[in-house]
Amino acid sequence: MIASILPTYSRAPLTFVSGEGSWLTEADGRRFLDLGAGIAVNALGHAHPALVEALSGQANALWHVSNLYNIPAQQQLADALVDKTFADTVFFTNSGTEACELAIKMARKYWYDKEQPARTEIITFSGSFHGRSSAGIAAAGSEKMTKGFGPLLPGFTHLEFGDHDALQAAVSDTTAAIMVEPVQGEGGIRPLPDACLKGLRDLCDQHGILMILDEVQCGMGRTGKLFAHEWAGITPDIMMVAKGIGGGFPLGAVLATENAASGMTTGTHGSTYGGNPLACAVGAKVMEIVSDDAFLAEVNRKAGLMRQKLEGVVAAHSDVFEAVRGSGLMLGLKCKAANTDVVNAGFAEGVLTVPAADNVVRLLPALNIPDEDIGLAAQRLDAAASHVMGANA
Ligand SMILES: Cc1ncc(COP(=O)(O)O)c(C=O)c1O
């Protein structure tokens, strides 16, 4: 008999009932150090007092009004995003997938309105992940995500990550946009080198192509800048954001320049819940905290500390791990042992990590993880690696 929850997830036998900071408490009272943070969602940890206050304040005032009316928290968050980024305008969604849908629509509508309706092709890269909608899976294109779900939305050209020649050859007068994650998350914490991101920007400029960045996982302070592309000194035309922006409340956004957004006029797009007052009240507070320079400086310091500790763990367990990689607090342990064995051994040691493609264990802790918890994380990962080694001996 099918489970009452559609069985698309393989779940660990853990049931968390409460959370505080970087810690989750299981129904039986055990405490776990959370290095997954809801897969880069709980950017400020669990039950951050300022977020609880923002949410409960809004909950007491007004839960929902439609986008037929002004929503002050939405305006506040949009103004803050426009103020701190390349963007001139923002549309709010409930998730990264919905942000992907709009990013694609926006790019195609741009060219349609520029009287180049054949310009619909979007170039994407192997290992990418843009969500599980029909457009999202067609964009990523991997067999794992698309098999059985055809016919797929047409208009995507999939290239090998890092194949510059293929990229030059793929660009044509039907190319509408290039869509890329500055740091691939699901693909195994694979940062695109700054020089490549710059090269992509140059290529887009040369051919008048729109650059869409998917910062759903790597954005909102995760890499130590508010958005990951800032490290390369470039700006996109369109950017997808989600996960960390809501700090645990479902929220996403598409940010765009005025030019890129020019096709999206009244009536061309919408969302019932996108930009809901509760989500935006929390999002505005997350943005206020995370976009602060002193906060980001702390993220970078903590990232340095964490990386240093992880290098030690990897060196001590060279039969389990190959290397540490990533950017800021978006880190991956490339494994020699099966990554799922490491994640499972972590459960026994009270530390939560997340597997990713390319046999990587992902570490995406709260951006404000205390230093002592970073030390504990290394200790527990070290113990977990010893289990893996022991089990494989
Ligand atoms: C880079 C990237 N894009 C898009 C998505 C889809 O976001 P959501 O699950 O919020 O729909 C994800 C989710 O993991 C992601 O990592």
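Each residue takes its place number in the sequence, starting with 1. Whatever order the structure lists ligands and atoms in, that order sets their numbers, starting from 1.
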Practice prompt. Tell me, please, which residues at least two apart from Lys334 pass salt bridge (Lys or Arg N to Asp or Glu O under 4.0 Å).
Written response: Asp358

Worksheet item: Name the residues in contact with ligand 1, where contact means a heavy atom under 4.0 Å away: which are they?
Response: Ser95, Gly96, Thr97, Phe129, His130, Gly131, Glu181, Glu186, Asp214, Val216, Gln217, Lys243

Worksheet item: With no hydrogens and no angle check, do the side chains of Asp202 and Gln206 hold a donor and an acceptor under 3.5 Å apart?
Response: no

Fill in: With sequence neighbours excluded, residues passing salt bridge (Lys or Arg N to Asp or Glu O under 4.0 Å) with Lys309
none

Discussion item. Would you say Thr174 and Glu121 are linked by a side-chain donor-acceptor pair, where the criterion is simply a distance under 3.5 Å?
Written reply: no

Can you give me every donor-acceptor pair (side chain of residues 2-14, partner residue at least two apart or in another chain, under 3.5 Å) with its distance?
none

Discussion item. Hydrophobic clustering (ILVMFWY, side-chain heavy atoms < 4.5 Å, transitive) - are Leu331 and Leu33 grouped together?
Written reply: yes

